[in-house]
**Q** 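Right, I'll just put the structure down here and ask away after.
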Amino acid sequence: MISVVKKKNETYSIDFVWEKDTHIRSYRMGLEKVFEGKYLETMLVPLRGQAVLLAGCGKEEELGLLQVKEITAAVSRRCKELHIGEISLDPGFFVKKLGKKAVTAVVLGLGLGGYSYTYRKTEKDTASDCNFQLENGEGFADSLQEGRELLNGILFARDMVNTPGNHLRPMDFARKITDYVDGGDVETELLVYGQLRALRLEALYGVGGSSEYPPCLLILRYRGAPGSNDIYGLIGKGITCDTGGYCLKESSSMAGIKGDMAGAAAVAAAVHAAAARKLKVNITACLPLSENRISQSALLPGDVITGYSGRTIEVLNTDAEGRLVLSDAISYGIRREGITKVLDIATLTGAAAQMLGNTIGGTMSDDEAFYHMFERAQTFSAERYLRLPFGKEHEKMIDSDVADVKNIGGGCCGTITAGLFLRRFCEGKPWIHMDIAGTAWCGTPTYAFESKGATGAGVTTLYYLLKEAQL
Ligand code: BES
Ligand code: MN
Ligand code: ZN
């Protein structure tokens, strides 16, 4: 399968090659190294007066959507290095093996492979961005469009998460999201600090009141299924900087604190993509946006606050702030917005990162039908999650002596008790919890479609879940 690539008036081709493919032999002549078609191997070779970029695809039987994303990401990165400004590629090679879903994977790979966050470098990378288009797209125009929307969403989420905290205060973040979804079918409402106080969302304003940059609650509504009473509530943690508060983090663990809003970024991106694709589903997103700092008005360990639901919370650790702001967003979603299902996504616990590393997120759920949708979504997104169990013994760990619930558990099961804390505010609605503390951010990329920093974790899985939820 040969695709054409243009660099000014030069013509390039891309040839996808399986490991040990017989036609590799034709490329052996006169090369200093033999191209073996190894997974993610690339090599630029002359062939009949043309330049050909060989892209190794590894073993045919190992190809899945994740591999397609990686292979095309490697191609796009190589093209960027070679200052090739334009790739035109035929996804047929992958579609033949994996169906139309491969088209989306190709778009994501090509679009993410060359990504780096360099906006705030005064000297820009000289390698130009690589534009791409897909050939023979008639049959899969729709998948192509879906891929573009998802790519757009992941890029938005990555840019937000990579933005330094001093350039993204809670109200800045709200504005960025509002601008991002503007012009589509998404309605927005912003509750500012005074309103949070008047409405008594103390778990949110209690955390956010620690900073002179005030917290807010951003609501996004999309109604793709007006005939249905079902509303999917997406709740995303939006802590734009998490110092830990009075339970101050040590300096070595502060590097990633600007990325503590990856859940909110993923939700905003997924809602926008769902609306752009006109999915037949109702969504209300509740995004609590806040800083977590030290000041005269910051929460102190031992404080007891009353959340929007009226439940009292003993704050024993000010660094467990995510579950506080999320609990109020969940209560608000259920009581004021009428959401009928709850899905929360957050960079919630260091324990999740410890347990599962940078490639697998932790999930919890109390509803089999809802979680079944999630599992299907996960196969399409090629993201990986592990569902964690829970029981009454974990529930006990968050019972408080002086209030209804406390915001830390015992000495173990930190990811599970954080999840269960949130479940206490779900009022029996079907619930899915996603802890992306390990996957939202990578110091060293694992996959070819990642780059150092934000990953855009959760965007595609959330989108496909909404797609599964359609009537
Ligand atoms: N945002 C952090 C969790 C986190 C840690 C995300 C590392 C990504 C990387 C969260 O607010 C937090 O500080 N959690 C505490 C909870 C603890 C105090 C019960 C934690 O995990 O240490
Ligand atoms: Mn914290
Ligand atoms: Zn946090």
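When reading the values below, keep in mind they use all heavy atoms of this one structure, side chains included, and skip hydrogens, waters and symmetry mates. In listed order, ligands and their atoms are each counted from 1. For this chain, numbers begin at 1 and follow the sequence in order.
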**Q** Check Asn292 against ligand 1 and report side chain, backbone, both or neither, counting heavy atoms closer than 4.0 Å.
**A** neither
**Q** Starting from atom 8 (C) of ligand 1, find the nearest protein heavy-atom neighbour and note its residue, name and distance.
**A**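 The answer is Ala437 O, 3.7 Å.
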**Q** Do the side chain of Arg376 and the main chain of Leu465 share a donor and acceptor less than 3.5 angstrom apart?
**A** no
**Q** Enumerate the residue pairs fulfilling side chain to side chain donor-acceptor pair (under 3.5 Å) with a member in residues 202-212, sequence neighbours excluded, ordered by first and then second residue.
**A**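 Qualifying pairs, neighbours excluded: Ser211-Glu291.
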**Q** Taking 4.0 angstrom as the limit and counting only heavy atoms of Thr347, give me the atoms of ligand 1 inside it, by number and element.
**A** 1 (N), 2 (C), 3 (C), 6 (C)
**Q** Write out the residue and atom name of the closest protein heavy atom to atom 14 (N) of ligand 1, then the distance separating them to 0.1 Å.
**A**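 I find the closest protein heavy atom is Leu348 O, 3.4 Å.
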**Q** Is there a donor-acceptor pair closer than 3.5 Å between any side-chain N or O of Tyr222 and the backbone N or O of Leu279?
**A** yes
**Q** Suppose I only count heavy atoms of Lys249 and a 4.0 Å limit; which atoms of ligand 1 are within that range?
**A**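 Per the distance check, 12 (C), 13 (O).
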**Q** What protein N/O/S atoms lie closer than 2.8 Å to the Zn ion (ligand 3)?
**A**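 As for protein N, O or S atoms lying under 2.8 Å from the Zn ion (ligand 3), they are Lys237 NZ, Asp242 OD2, Asp260 OD2, Glu321 OE2.
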**Q** Do Thr284 and Arg223 meet the criterion of a side-chain donor-acceptor pair at a distance under 3.5 Å?
**A** yes
**Q** Listing residue and atom name, which protein N/O/S atoms are closer to the Mn ion (ligand 2) than 2.8 Å?
**A**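 Near the Mn ion (ligand 2), the protein supplies Asp242 OD2, Asp319 O, Asp319 OD1, Glu321 OE1.
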**Q** Establish, from distance only, whether the side-chain atoms of Glu375 and Tyr385 form a donor-acceptor pair under 3.5 Å.
**A** no
**Q** Indicate yes or no for a side-chain donor-acceptor contact from Arg387 to the backbone of Ser365 under 3.5 Å, with no hydrogens or angles considered.
**A** yes
**Q** From the options Asp260, Asp344, Asp435, select the one residue that forms a side-chain hydrogen bond (donor to acceptor under 3.5 Å, both in side chains) with Lys237.
**A** Asp260
**Q** Any nitrogen or oxygen of Arg323, main chain or side chain, under 3.5 Å from a nitrogen or oxygen of ligand 1?
**A**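 N/O-N/O distance below 3.5 Å does not exist for this pair.
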**Q** For ligand 1, which atoms, with element, lie under 4.0 Å from some heavy atom of Asn317?
**A** 18 (C)
**Q** Test your reading of the model: is there a side-chain donor-acceptor pair from Arg335 to the backbone of Ser309, 3.5 Å cut-off?
**A** yes
**Q** With distance as the sole test, does Lys341 use its side chain to make a donor-acceptor pair with the main-chain N or O of Phe370 at under 3.5 Å?
**A**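 Judged by distance alone, no pair lies under 3.5 Å.
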**Q** For Met261, is the nearest heavy atom under 4.0 Å from an atom of ligand 1?
**A** no
**Q** Will you find, in the side chains of Thr363 and Tyr371, an N or O donor that is under 3.5 Å from an N or O acceptor?
**A** yes
**Q** Under 3.5 Å between some N or O of ligand 1 and some N or O of Thr349?
**A** no
**Q** Is Asp242 touching ligand 1 with its side chain, its backbone, both, or neither, if touching means heavy atoms under 4.0 Å apart?
**A**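 It is the side chain that gets close, since no backbone atom is under 4.0 Å.
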**Q** Hey, is the main chain of Tyr464 close enough, under 3.5 Å, to the side chain of Glu468 for a donor-acceptor pair?
**A**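 No: the side chain of Glu468 does not pair with the backbone of Tyr464.
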**Q** Identify the closest protein heavy atom to atom 15 (C) of ligand 1: which residue and atom is it, and at what distance?
**A** Asp319 O, 4.0 Å
**Q** Taking Arg293 for its side chain and Gly245 for its backbone only, find out whether a donor-acceptor pair lies under 3.5 Å.
**A**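 The answer is no, because no donor-acceptor pair under 3.5 Å joins these two groups.
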**Q** Under 4.0 Å from any heavy atom of Asp260, which atoms of ligand 1 are there?
**A** 1 (N), 11 (O)
**Q** Can you list the atoms of ligand 1 that are under 4.0 Å from a heavy atom of Ile408?
**A** 19 (C)
**Q** Using the ring of each side chain (for Trp, its six-membered ring), is Phe425 parallel, tilted or perpendicular to Phe421, with breaks at 30° and 60°?
**A** tilted
**Q** Is Arg323 paired with Asp328 through a side-chain N to carboxylate O contact shorter than 4.0 Å?
**A**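 Arg323 and Asp328: not salt-bridged.
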**Q** What part of Met254, side chain from CB on, backbone N/CA/C/O, both or neither, has a heavy atom under 4.0 Å from ligand 1?
**A** neither
**Q** Ignoring hydrogens and geometry beyond distance, is a side-chain donor-acceptor pair present between Asn317 and Tyr246 at under 3.5 Å?
**A**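 Side-chain D/A pair, Asn317 to Tyr246: absent.
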**Q** Looking only at the side chains, is there a donor atom on one of Thr349 and Thr415 sitting less than 3.5 Å from an acceptor on the other?
**A** yes
**Q** N/O of Glu321 under 3.5 Å from N/O of ligand 1, yes or no?
**A** yes
**Q** May I ask you to identify the nearest protein heavy atom to atom 21 (O) of ligand 1, giving residue, atom name and distance to one decimal place in Å?
**A**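 Checking every protein heavy atom, the shortest distance to atom 21 (O) of ligand 1 gives Gly350 N, 2.7 Å.
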**Q** List in chain and number order the residues that pass salt bridge (charged side-chain N to carboxylate O under 4.0 Å, His left out) with Arg221, two or more places apart in sequence or in another chain; answer none if no residue qualifies.
**A**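 Partners of Arg221 by the salt bridge (charged side-chain N to carboxylate O under 4.0 Å, His left out) criterion, ordered by chain and then number, come out as Glu187, Glu189, Glu337.
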